[in-house]
Amino acid sequence: MRYWLMKSEPDETSIDHLAAEPARLFEWTGVRNYQARNFMRDEMRPGDLVLFWHSSCPEPGIAGLAEVAAPAHPDSSQFDPASPYHDPKSDPAQPRWLCVDVRFVKKTRLVSPAELRQHPPLEGMTVLKRGNRLSITPVTAEEWAYLMDLLGVDGIG
């Protein structure tokens, strides 16, 4: 099992959206960075756990937990001309962009980047590094365990 941090703008898809439909699989569309795409394609597997991060909002940070529920598959938004993520150069026979499906696990209290920075065991987290803009980053098993303790979450991961 691997651990990930996945960023989403809460006005588009928030942890509350997932919590409202816990059995639904949410397609993680709109990733348009090759490194993040490659994480989904090459390394993410069903059962991997996710820190659900609210981004590009007044209060960014960890807002909950999710799990990867389906392996990488073509991102449907790349072929939809009405989508802000439409990519007219992507060929349906050779899709350029992939996504995974995620499912709700648990809503947590919001943990801001400022709070994360107060914990030395988390100083290596990619999300805290200057200039990091990736929407998907790996989380180490040690970081995950520390965060589960910080959040008071037992039995997940």
Side-chain angles (χ1 to χ4, degrees), residues 1-72 75-78 83-85 97-157:
M1 178 188 314
R2 305 250 351 233
Y3 305 101
W4 303 94
L5 184 144
M6 298 175 76
K7 294 178 181 177
S8 180
E9 296 177 15
D11 59 342
E12 197 167 306
T13 303
S14 72
I15 194 67
D16 291 327
H17 290 113
L18 271 67
E21 299 181 73
R24 178 178 164 200
L25 302 186
F26 284 77
E27 188 180 36
W28 202 273
T29 61
V31 173
R32 297 298 182 263
N33 172 282
Y34 289 106
Q35 186 174 1
R37 180 212 54 193
N38 293 349
F39 283 144
M40 291 188 287
R41 181 189 68 198
D42 301 335
E43 298 183 44
M44 284 186 162
R45 300 291 179 263
D48 286 358
L49 294 172
V50 173
L51 298 169
F52 195 107
W53 181 279
H54 285 174
S55 69
S56 300
C57 60
E59 296 183 69
I62 298 167
L65 308 175
E67 100 177 276
V68 176
D75 177 338
S76 63
S77 69
Q78 69 193 308
S83 170
Y85 304 112
W97 304 110
L98 302 174
C99 65
V100 296
D101 294 347
V102 299
R103 149 184 325 125
F104 178 75
V105 171
K106 181 176 185 61
K107 186 173 176 176
T108 65
R109 69 178 178 83
L110 186 72
V111 183
S112 70
E115 181 179 350
L116 292 172
R117 286 187 177 93
Q118 294 174 9
H119 297 272
L122 302 176
E123 67 188 7
M125 286 187 76
T126 305
V127 74
L128 300 178
K129 293 182 179 169
R130 272 202 196 304
N132 173 62
R133 306 259 317 135
L134 285 176
S135 59
I136 298 172
T137 56
V139 174
T140 68
E142 295 77 18
E143 291 163 347
W144 182 272
Y146 187 89
L147 283 163
M148 293 307 100
D149 285 344
L150 181 67
L151 291 166
V153 175
D154 291 326
I156 298 178

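All figures in this text were calculated on a predicted structure; none of them were measured in a lab.
- Between W4 and F52, the ring centre distance reaches or exceeds 6.0 Å.
- Side-chain N or O atoms of S135 include none that pairs as donor or acceptor with a backbone N or O of V31 at under 3.5 Å.
- By the 4.5 Å heavy-atom criterion applied to side chains, K107 and D16 are counted as neighbours.
- Using a 4.5 Å heavy-atom cutoff, the side chains of L147 and M125 are in contact.
- Side chain of D149 to backbone of Y146: no donor-acceptor contact under 3.5 angstrom is found.
- The minimum heavy-atom distance linking S77 with T29 is given by the pair OG-CB, 3.7 Å.
- Side-chain contact check for L65 versus L49: every heavy-atom pair is 4.5 Å or farther apart.
- Considering only heavy atoms from C-beta on, F104 comes within 4.5 Å of I15 through its side chain.
- Separation of atoms CG (L18) and OG (S8) is listed at 8.5 Å; rounding is to 0.5 Å.
- In plain terms, the two heavy atoms of R41 and A72 that are nearest each other are CA-CB, 3.8 Å.
- In terms of modelled atom types and a separation under 3.5 Å, the side chain of W144 and the main chain of I156 share a donor-acceptor contact.
- In this structure, the side chains of P138 and E43 stay at 4.5 Å or more apart for every pair of heavy atoms.
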>> Would H54 and S14 count as a side chain to side chain contact (heavy atoms under 4.5 Å, CB included) here? Give the steps.
In response: CA-CA 7 Å; H54 285 174; S14 72; 3.5 Å; yes
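- Around atom CG of D11, more than 12 heavy atoms belonging to other residues, nucleotides or ligands sit under 6.0 Å away.
- The two atoms that bring E67 and G47 nearest to each other are OE1-CA, 3.6 Å, heavy atoms only.
- Shown are V100, V139, T137; of these, the side chain to side chain contact (heavy atoms under 4.5 Å, CB included) with M6 is made only by V100.
- To the nearest 0.5 Å, the span separating CZ on F39 from OH on Y34 amounts to 16.0 Å.
- For K106, the side-chain hydrogen bond (donor to acceptor under 3.5 Å, both in side chains) criterion is met by no residue, not counting sequence neighbours.
- At least one side-chain heavy atom of R32 sits less than 4.5 Å from a side-chain heavy atom of D75.
- Pairing each heavy atom of V127 with each of N132, the nearest pair is CA-ND2, 3.5 Å.
- A distance of 7.0 Å separates NZ in K7 from CZ in R133, rounded to the nearest 0.5 Å.
- In this structure, the ring of F26 has its center no less than 6.0 angstrom from the ring center of H17.
- Shortest non-hydrogen contact noted between S76 and E27 is OG-OE1, 2.8 Å.
- One finds the CZ atom of R37 at 8.0 Å from the CG atom of D42 (value rounded to the nearest 0.5 Å).
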>> One pair to check against side chain to side chain contact (heavy atoms under 4.5 Å, CB included): R109 and L151. What are the steps and the verdict?
In response: CA-CA 7 Å; R109 69 178 178 83; L151 291 166; 4.1 Å; yes
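- The two atoms that bring Y3 and G157 nearest to each other are OH-O, 2.8 Å, heavy atoms only.
- Taking the side chain as every heavy atom from C-beta outward, L116 and I62 approach each other to under 4.5 Å.
- With rounding to the nearest 0.5 angstrom, the CG atom of N33 is 9.0 Å from the CE atom of M40.
- Between atom CD of residue E143 and atom CG of residue L150 there is a gap of 12.5 Å, rounded to the nearest 0.5 Å.
- P71 places a side-chain heavy atom less than 4.5 Å from the side chain of P46.
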